[in-house]
Amino acid sequence: DTAVSQTPKYLVTQMGNDKSIKCEQNLGHDTMYWYKQDSKKFLKIMFSYNNKELIINETVPNRFSPKSPDKAHLNLHINSLELGDSAVYFCASSPEIEDSLGETQYFGPGTRLLVL
Amino acid sequence: AQSVAQPEDQVNVAEGNPLTVKCTYSVSGNPYLFWYVQYPNRGLQFLLKYITGDNLVKGSYGFEAEFNKSQTSFHLKKPSALVSDSALYFCAVRGYSNYQLIWGAGTKLIIKP
């Protein structure tokens, strides 16, 4: 059973398009994250949701909008895609965030986005 | 401000030799320290963490890390490297009362046969 899954695995699209990446976790975790990994492999947190509520929102363009329909899902919608959005996007989850500063994060396999 | 430094972009080790991947941190209060590994075209996997207690932490795949408070370091070690250990290794830290993990830039570990 896949703990954290993402779809699609690969996404190739044109500049200006709107696209979504879906993430689902079956671990019963309360907290989910979106990360961006650039071409130099640098990992950057984008968003974090706890029980469907946004708790971390780093400096990310407004074109990026996370949506959490329930605590098992955290989708990422990107409007007006730009060349610089090309990266690997990782979803992750961890148990309840309060009193869980030492909790492990579980990562999905990543979505490789290429904007042409 | 919290920060994590992985001073080496790449570490090369011969198979069978001991390996060390370095990590230093800056955080207010007691740190929560993590190591994750990323194999090619895969997501990150948890290796080990330090929360409290014994400074030497043992993790997956024979890896261990030593928390050194005076040197603010949390170096990852393995006594005998395997070719299959070749991957990208990330150190991360979370300070008390801060939910956000701060990630290092990653160190590419190459184990040569």
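Proteins come first, then strands; the chains are lettered A, B, ... in the order of their sequence lines, and each starts at number 1.
In this structure, Asn62(A) places its CG atom where only 12 or fewer heavy-atom neighbours from other residues, nucleotides or ligands lie under 6.0 Å away. More than 12 heavy atoms of other residues, nucleotides or ligands sit less than 6.0 Å from atom OH of Tyr25(B). For NZ of Lys22(A), the number of neighbouring non-hydrogen atoms (other residues, nucleotides, ligands) closer than 6.0 Å is 12 at most. Atom CD of Glu53(A) has 12 or fewer neighbouring heavy atoms from other residues, nucleotides or ligands inside a 6.0 Å radius.
Proximity to chain A involves both the backbone and the side chain of Asn41(B), based on heavy atoms less than 4.5 angstrom apart. With a 4.5 Å cut-off on non-hydrogen atoms, Tyr35(A) touches chain B through its side chain but not through its backbone. Contact of Phe90(B) with chain A is made through the side chain alone, with heavy-atom distances under 4.5 Å. Only the side chain of Gln38(B) has a heavy atom closer than 4.5 Å to any heavy atom of chain A.
Atom NZ of Lys49(B) and atom CD of Gln105(A) lie 10.5 Å apart (nearest 0.5 Å).
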* Asked: Would Thr104(A) and Tyr36(B) satisfy side chain to side chain contact (heavy atoms under 4.5 Å, CB included), going step by step from the backbone distance to the final call?
  -> CA-CA 10 Å; Thr104(A) 301; Tyr36(B) 285 78; 3.7 Å; yes
For residues 81-88 of chain B, run the donor-acceptor check on the side chains, cut-off 3.5 Å, and write out each pair with its distance to 0.1 Å, sequence neighbours left out.
unit_1   : atom_1 : unit_2    : atom_2 : d
Asp85(B) : OD1    : Lys78(B)  : NZ     : 3.0
Asp85(B) : OD2    : Lys78(B)  : NZ     : 2.8
Asp85(B) : OD2    : Leu82(B)  : N      : 2.9
Ser86(B) : OG     : Val83(B)  : O      : 2.9
Ser86(B) : OG     : Ile111(B) : N      : 2.9

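Leu19(B) and Tyr61(B) fall within a single hydrophobic cluster, where Ile, Leu, Val, Met, Phe, Trp and Tyr side chains are chained together by heavy-atom contacts under 4.5 Å. Note on Val37(B) and Phe42(A): separate hydrophobic clusters, where clusters join Ile, Leu, Val, Met, Phe, Trp and Tyr whose side-chain heavy atoms are under 4.5 Å apart, directly or indirectly.
No side-chain heavy atom of Lys41(A) sits under 4.5 Å from any side-chain heavy atom of Lys108(B). Proximity of Trp103(B) to Gln37(A): side-chain heavy atoms (C-beta onward) are nowhere separated by under 4.5 Å. Proximity of Leu44(B) to Leu43(A): side-chain heavy atoms (C-beta onward) are separated by under 4.5 Å at one or more points.
Remark: the backbone N or O of Gly110(A) is not paired with any side-chain donor or acceptor of Arg42(B) at under 3.5 angstrom.
No close placement of the Phe107(A) and Phe46(B) rings is indicated, their centers lying 6.0 Å or farther apart.
In terms of the salt bridge (charged side-chain N to carboxylate O under 4.0 Å, His left out) criterion, Lys36(A) has no residue partners (sequence neighbours excluded).
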